[in-house]
Amino acid sequence: MRRIAALLLCLLVPVPASAAELKFATWNLEWLTARKAGDRALPPDVHPRRPEDFYRLRQYALKLDADVVALQEVDGRSVAQRVFPPDRYSLHLTHDRRVQRVGIAVRRGLSYEVNPDVAGIEVDPELRLRSGADITLHLPQGVLRILAVHLKTGCARKRLKGARSGSCAELEAQIPPIAAWMAARQREKTPFLLMGDFNRLLDNRDQIWRELNRVAPLQRATEGHSSPCWGREAFIDHILAGGTARTWMQPETLRVLVYRESGPEWKQRLSDHCPVSVRLRVPGN
């Protein structure tokens, strides 16, 4: 009887989930669209991809082999699937009605829930900025909230305070909605990642970095590093971890997937951004 009781006790006590290591990435695919040259929705200097360009990008996506990828500048699901095969990745894109949309690619087999777009980051539809893509990743160890963003370009280093118009004023207006999203995660005690193209350097002296850290302490994967993408340059693509996810991030696993091809032509045919990734070790319960 004691042996049977012990067996029943083992069956009733939940077995702790083991730790998991997952790879998270962000990739701005620079006007990823199937539209033809001359399309009214495209600037005149945008060069549409050739079929072989999509093939190369797909090979890089497979080489990246990330579990979750924050995407920027994607013109819809069908064109994103030409880079991220639908048998390997599930795709979520914002509901913005523009060519440059933000999205998230999630490896098949991982469970996630789509949350409403963080539309406040768009600020004003007339400005043609982009909403944030928001999902909840369900892991055996618990949940992880992920927000993918693509912020206003043209203010990588300049001071924000006092700007009444232009790129810096628009960028500054995008920060309160992000801060509000972070504050909500803090109240819930939900670990989170904030990933994407910030178009901002985000060093420790930066105003945006300081403002976001006042809302919730953050870990920045790119801290102390420069990017080898198309030559040495400062990072504007970032992966930030908040809540308990700060302790999950493995900073030494930061990687930039540099393209083999070189030269101005390939920068247009592939992307002016390289995929940036880092691994998180999610502890078991």
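- In terms of modelled atom types and a separation under 3.5 Å, the side chain of R130 and the main chain of I121 share no donor-acceptor contact.
- Side-chain N/O atoms of Q207 and E211 include a donor and acceptor closer than 3.5 Å.
- At a cut-off of 3.5 Å, with distance as the only test, no side-chain donor of D117 or S131 sits close to an acceptor on the other residue.
- Here the side chain of R246 pairs no donor or acceptor atom with the backbone of A241 at under 3.5 angstrom.
- Classification of K152 and E122 as a salt-bridged pair fails, no side-chain N sitting under 4.0 Å from a carboxylate O.
- The aromatic rings of Y259 and Y60 sit perpendicular to each other, their planes meeting at more than 60°, with 30° as the lower class boundary.
- Using a 4.0 Å cut-off between a side-chain N of Lys or Arg and a carboxylate O of Asp or Glu, D65 and R107 qualify as a salt bridge.
- For D39 and R35, the salt-bridge test passes: some basic side-chain N is under 4.0 Å from an acidic carboxylate O.
- Counting only N and O atoms by type, the side chains of W209 and D203 include no donor and acceptor under 3.5 Å apart.
- We find that D206 and R200 are joined by a salt bridge, their nearest charged nitrogen and carboxylate oxygen being less than 4.0 Å apart.
- Between the side chain of R56 and the backbone N or O of E261, no donor-acceptor pair lies under 3.5 Å.
- Side-chain contact, S271 with N28: no donor N or O sits under 3.5 Å from an acceptor N or O.
- Counting side-chain heavy-atom gaps under 4.5 Å among Ile, Leu, Val, Met, Phe, Trp and Tyr, the cluster of L201 also holds I236.
- Taking a 6.0 Å sphere around CZ of R157, one finds it holds 12 or fewer heavy atoms contributed by other residues, nucleotides or ligands.
- Comment: D272 does not engage K267 in a salt bridge, judged by the lack of any side-chain N to carboxylate O separation of less than 4.0 angstrom.
- No hydrogens or angles considered: a donor-acceptor pair under 3.5 Å links the side chains of W181 and D134.
- More than 12 heavy-atom neighbours from other residues, nucleotides or ligands sit within 6.0 angstrom of CZ on R210.
- With hydrogens and angles disregarded, no donor-acceptor distance shorter than 3.5 Å links the side chain of H138 to the backbone of L110.
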